[in-house]
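Working notes, structure below.
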Amino acid sequence: MDNIHFSLPLLTTLLLLLLRSSTTLAQTPAPGPSGPTNITKILEKAGQFTTLIRLFQITQVGDQINTQLNNSNQGLTLFAPTDNAFSSLQAGTLNSLSDQQKVSLVQFHILPTFLSMSQFQTVSNPLRTQAGDSAAGEYPLNVTTASNQVNISTGVDDATVANTIYTDGQLAVYQVDKVLLPLKIFGTPSPAAAPAPAAPKATKKKSGADDSPVAGGDSPADSSGGVGRGMHEGVGIIAVMLAITFNL
Ligand SMILES: *[C@@H]1O[C@H](CO)[C@@H](O)[C@H](O)[C@H]1NC(C)=O
Ligand SMILES: *[C@@H]1O[C@H](CO)[C@@H](O)[C@H](O)[C@H]1NC(C)=O
Ligand SMILES: *[C@@H]1O[C@H](CO)[C@@H](O)[C@H](O)[C@H]1NC(C)=O
Ligand SMILES: *[C@@H]1O[C@H](CO)[C@@H](O)[C@H](O)[C@H]1NC(C)=O
C-alpha cells in the first residue's frame with residue numbers, strides 16, 4: 001500500500017524531532033551568575049521596608065527598576081520611606097488611591113539618575129522624578145542641603161534623608177522618614193474630592209466550557225525525568241502511528 005511507503009519518512013522525521021526535543025528538555029539552562037541588581041533583595045536586607053516592597057510588587061515598579069538598572073547606565077536614585085513613614089500617613093491613605101495613583105506615588109520616589117549625597121548640593125530644583133512632569137502642580141520635588149543634611153520638599157510635605165541604605169555608583173537608595181506626597185495627588189483639593197474609584201473594567205466574557213488542566217497525566221513514567229519521559233511518549237506516539245498506518 002502507498003500509505004506505508006509514504007509514512008516511513010514521516011515517522012523517521014517524527015522520531016528525530018522527538019529525540020531532539022527530549023535532549024533539549026534534559027538540558028535545563030543554568031541560571032545566570034549572581035544576577036543583576038535586585039531592588040527587593042536590597043530592601044529586604046535593609047529591613048523595615050515591607051510596605052515599600054509590597055507597593056513595588058503591586059505596582060510592578062520593582063521589576064521596572066531592575067530592568068532599567070540592567071539596561072541603562074544612567075543609574076537610579078530611590079528615596080525609600082520606612083514602614084514607620086507609611087504607618088504615620090493618615091489612615092486609609094494608600095487604600096484611597098487608584099492603581100495608577102499608586103504607580104505614580106511609587107515612581108515619585110525615584111529619580112532617573114544616580115545621585116550621590118554630595119551631588120545633591122548641586123542639583124537644580126525642581127528635580128524630575130519617574131512620576132513625570134516636575135512643573136508646579138504636577139510632580140515637583142525639591143532638595144535642599146546644609147552640611148551633611150539633605151531635605152526634600154514636595155509642596156505637600158517635607159522629608160529628611162536619614163541614611164544611605166545602598167550605593168554602588170549606579171543605584172543609590174536613601175532612607176527617608178516620610179512618604180513623599182506629590183502635589184498632583186495630595187495637593188490642595190480636599191481629600192473628600194479624591195477621584196472616584198476606577199470604573200470596573202468590562203466584565204470578562206466567560207467562555208463557558210472550562211477546559212480541565214492538561215488531561216492524561218496518568219503515565220507512571222511521569223517522575224522519571226525529561227529524557228525518559230520524552231522517549232516514552234515518543235515510542236507511544238510512534239506505536240499509535242504505526243497501528244493507524246497498518247490498519248489502513
Ligand atoms: C529579587 O529578590 C526577591 C527577594 O529576594 C525574589 O523574590 C525575586 O525573585 C528576585 N527577583 C529576581 C528577578 O531575581
Ligand atoms: C540584562 O541585560 C542583558 C544585556 O543587555 C540582557 O541580555 C538581559 O536579558 C537583561 N536581563 C534582564 C533581567 O533584563
Ligand atoms: C531640614 O529639615 C529639618 C527638619 O525639618 C530642619 O531642622 C533643617 O533646618 C532642614 N535643613 C535644610 C538644609 O533645609
Ligand atoms: C521648588 O523650587 C522651585 C525653584 O527654586 C521653586 O520655584 C518652588 O517654589 C519650590 N517648591 C517647593 C515646594 O519648595
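Just follow the structure's listing: the first ligand is 1, and inside any ligand the first atom is 1. Keep in mind the model is a prediction, meaning the values are calculated, not measured.
Counted within 6.0 Å of CG on Asn70, heavy atoms from surrounding residues, nucleotides or ligands total more than 12; the atom is thus considered enclosed.
Considering both main-chain and side-chain atoms, Asn151 comes within under 3.5 Å of ligand 3 through a nitrogen or oxygen pair.
Listed by atom number, the atoms of ligand 2 under 4.0 Å from Asn71 heavy atoms are 1 (C), 2 (O). Set against the non-hydrogen atoms of Asn125, the atoms of ligand 4 under 4.0 Å away are 2 (O), 4 (C). Close contacts of ligand 3 with Thr145, meaning ligand atoms under 4.0 Å from a residue heavy atom, involve 13 (C). Residue Ala146 has at least one heavy-atom neighbour below 4.0 Å for each of these atoms of ligand 3: 13 (C). Which parts of ligand 4 touch Ser153 is read off a 4.0 Å heavy-atom cut-off, strictly below it: atoms 13 (C), 14 (O). In summary, the atoms of ligand 3 found under 4.0 Å from a heavy atom of Gln149, numbered by their order in the structure, are 8 (C), 11 (N). Counting the atoms of ligand 4 from 1 in the order shown, those under 4.0 Å from a heavy atom of Gly155 are 13 (C).
Side-chain N or O atoms of Lys178 include none that pairs as donor or acceptor with a backbone N or O of Ala85 at under 3.5 Å. Between the side chain of Asp157 and the backbone N or O of Leu181 there is at least one donor-acceptor pair closer than 3.5 Å. Looking only at distances, a side-chain donor or acceptor of Thr154 sits under 3.5 Å from a matching main-chain atom of Val156. Between the side chain of Asp177 and the main chain of Thr160, a donor-acceptor pair closer than 3.5 Å is present. Side-chain atoms of Thr93 do not come within 3.5 Å of backbone N or O of Leu89 as any donor-acceptor pair. In terms of modelled atom types and a separation under 3.5 Å, the side chain of Asn66 and the main chain of Ile39 share a donor-acceptor contact.
Atom 14 (O) of ligand 3 is flagged as protein-proximal [any protein heavy atom, distance under 4.0 Å]. Shown here, atom 5 (O) of ligand 3 is out of close reach of the protein: none of its heavy atoms lies under 4.0 Å off. Within a 4.0 Å radius of atom 11 (N) of ligand 3, the protein contributes at least one heavy atom.
Aromatic ring centres of Phe56 and Phe49: separated by at least 6.0 Å.
Protein heavy atom in closest approach to atom 9 (O) of ligand 4: Asn142 ND2, 4.7 Å. The shortest contact between atom 3 (C) of ligand 2 and any protein heavy atom is with Asn70 ND2, 3.7 Å.
Rounded to the nearest 0.5 Å, atoms CG (Leu52) and CZ (Phe86) are 5.0 Å apart.
Residue contacts with ligand 3: Asp158 is excluded, as none of its non-hydrogen atoms falls under 4.0 Å.
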